[in-house]
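What follows is a short report on a single structure.
Quick caveat, the model's predicted, so the values are computed rather than measured. Here is how names work: the chains are called A, B, and so on, in the same order as the sequence lines, proteins then strands, and each is numbered from 1.
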Amino acid sequence: MTVWKPQDDGYADLSSHDSFAGGAPHNTFARMRRDDPVCWTPYAQGQGFWSVTRHADILALNKQSELFSSAHGIRIEDQTPEEVIARRTFQETDGREHMMARIKVAKAFSKTVIAGFEEQIRDLCVTILDKALAQGTFDATKLIARELPMQMLGRILGTPDEDLPWLVEKGDALIANTDPDFTDHVLDKMTTDEFRMMPFNSPAGAELYAYAKDLMARKNAAGDTNGVLHLIMQPGPDGSVISDTEFRNFFCLLVAAGNDTTRYSIAAGLQAMCHQPELLGRMKSGAVWDTAPDEIIRWATPALYFRRTAMADVELHGKTIKAGDKVVYWFASGNRDEAALDDPYRVDLSRPANKHLSFGQGGPHVCLGMWLARLEVRVLFEELSKRISRIEAAGPHQFLRSNFVGGIKSLPVTVHLS
Amino acid sequence: MKATWTLPDGSTKTADVAIGTNLMEAAVANDIPNIEGACGGCLSCATCHVFVDPEWLGKVAAVGDFEDAMLDATEVERTDASRLSCQITMSADLDGITLTVPAD
Ligand code: HEM
Ligand code: FES
């Protein structure tokens, strides 16, 4: 069994989802970092964009949010101003407007509040693992990685347990909207404009909107104060409360942002364990838990990029980014940049001062759910490593067809119990 | 200019900090533990929390509204000496400032 190696010839088309169907084209990223760090990338389905691939440049641009705005779309796909407004969450706002929304939810997702969910997470992990590991040989994305994040999100939000399978399904359709395994409405192959005004350009978004509205009504009627939704509906420091629309948008954003990112982090960690067998021993030593979650999440880089729009002309590395141009921060590339990270193709569970960019570090939109993601990843691998003496690949793994979500969608493994 | 951090283990670390640099950036550049600075100083993360030592509290600029709200999201509970260090910019007045890093 060999460690996974990038398959591309160094000239992959980053605008094409197909270029990512065999894993991220890291040979192309390496060439761009070396020769063309601000690379104009043509896009057959719309306006081309600038690909920013160096770790240091992503950090430097990401904090300049007045110059590189989130308010005109954060994906490569072009949107009309009407679509931007219809599908907007606070992730697609800038400056004061963004801060006003973010401070309302910051405490609910703070390290301390999230730490209070550790025992619940552990209970879910134990149940999921006991069921999966008993199978011996199985698809680890499906039986382990897919289950925890959405069940956990349900707990945190306070949704009824019986709704969880439905939520997992809609969450998948919402975001993996370029892989035919997950949606009937493959985004770049769609022949209809019917869903363009809906969240994430998908009918699942509309269904989640309806669900969120109904859930809020039911919880209010029942006086149910479980979960962070209750915290979010409290008045903020200035006395303002979250509106119905803000609430529904936020709910969809959480389902989209918190579900498959964490899932694919877990899947990538399991894949790394198959290919670097020493990782299990490191986990069993118990000495790596402060650092292992970040390293697994770096290795995974589930959010391959986020996009901004330039608000003025900017010169960078001899190129002129024009006002209105789309600028894409390739976190996947930054996370393999030798200038910032030693030996980036090796998983080092005790990597010191891990300056990875998986959470969009360095800017105002840095992942709100990062403490939850880290906690879920830690507890899952703690419980897994206690239970097994070996894990190995039982066949080739398959990647998602998406240049936005980096993920192993099927991962056959065989486990040997301790 | 200089700034000194008292670390969770009780030891101290002093570093040169240029005027105009914020104290989160200075801490990250000097590998001060427990100062992550995840949002790059954009007031979104509260991972740059410090306690300003009493004799310096009167000299640093006042806490802003957003900073005040984000101080509710720190890992170690806030006190009257709490600041998000990305909001403190080094100036001639602050030369020699001393800060305490929260233990985790
Ligand atoms: C390993 C798992 C995760 C990864 C890799 C990840 C990645 C990211 C990234 C890269 C961003 C920045 C987007 C930008 O710059 O525009 C982001 C933002 C966000 N994430 Fe996560 N995320 C993860 C888990 C979660 C979880 C579990 C939740 C919630 C339950 C969550 C909620 C959010 C929200 C609400 C934002 C928007 C924040 C804002 O715009 O201020 N994420 N995430
Ligand atoms: S660095 Fe994020 S709030 Fe200071």
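The OG atom of B:Ser44 sits 7.5 Å away from the NE2 atom of A:His365 when rounded to the nearest 0.5 Å. One distance of note links CD of B:Glu67 with CD1 of A:Ile103; it measures 12.5 Å at 0.5 Å rounding. Considering CZ of A:Phe359 and SG of B:Cys45, their distance stands at 12.5 Å, rounded to 0.5 Å. B:Thr47 OG1 to A:Met370 CE: the interatomic distance, rounded to the nearest 0.5 Å, is 5.5 Å. One distance of note links CG of B:Leu43 with CZ of A:Arg102; it measures 10.5 Å at 0.5 Å rounding. The SG atom of B:Cys39 sits 10.0 Å away from the CG atom of A:Asn62 when rounded to the nearest 0.5 Å.
With respect to chain B, the highest number of heavy-atom pairs below 4.5 Å among A:Gly363, A:Pro352, A:Cys367, A:Ala115 belongs to A:Gly363. Contact count against chain B (heavy-atom pairs under 4.5 Å) is highest for A:Thr112 among A:Leu59, A:Leu368, A:Val113, A:Thr112.
By the 4.5 Å heavy-atom criterion applied to side chains, B:Asp65 and A:Met99 are not counted as neighbours. No side-chain heavy atom of A:Lys111 sits less than 4.5 Å from a side-chain heavy atom of B:Thr74.
A:Met100 touches chain B through backbone and side chain together, each having a heavy atom under 4.5 Å away.
In the displayed structure, B:Asp80 atom CG is contacted under 6.0 Å by at most 12 heavy atoms of other residues, nucleotides or ligands. Within a 6.0 Å sphere centred on CD of B:Glu77, heavy atoms belonging to other residues, nucleotides or ligands number 12 at most.
Checked by atom type and distance alone, the side chain of A:Lys63 never pairs as donor or acceptor with a backbone atom of B:Gly40 at under 3.5 Å.
In summary, A:Lys107 and B:Glu75 do not engage in a salt bridge, as defined by a charged side-chain N under 4.0 Å from a carboxylate O.
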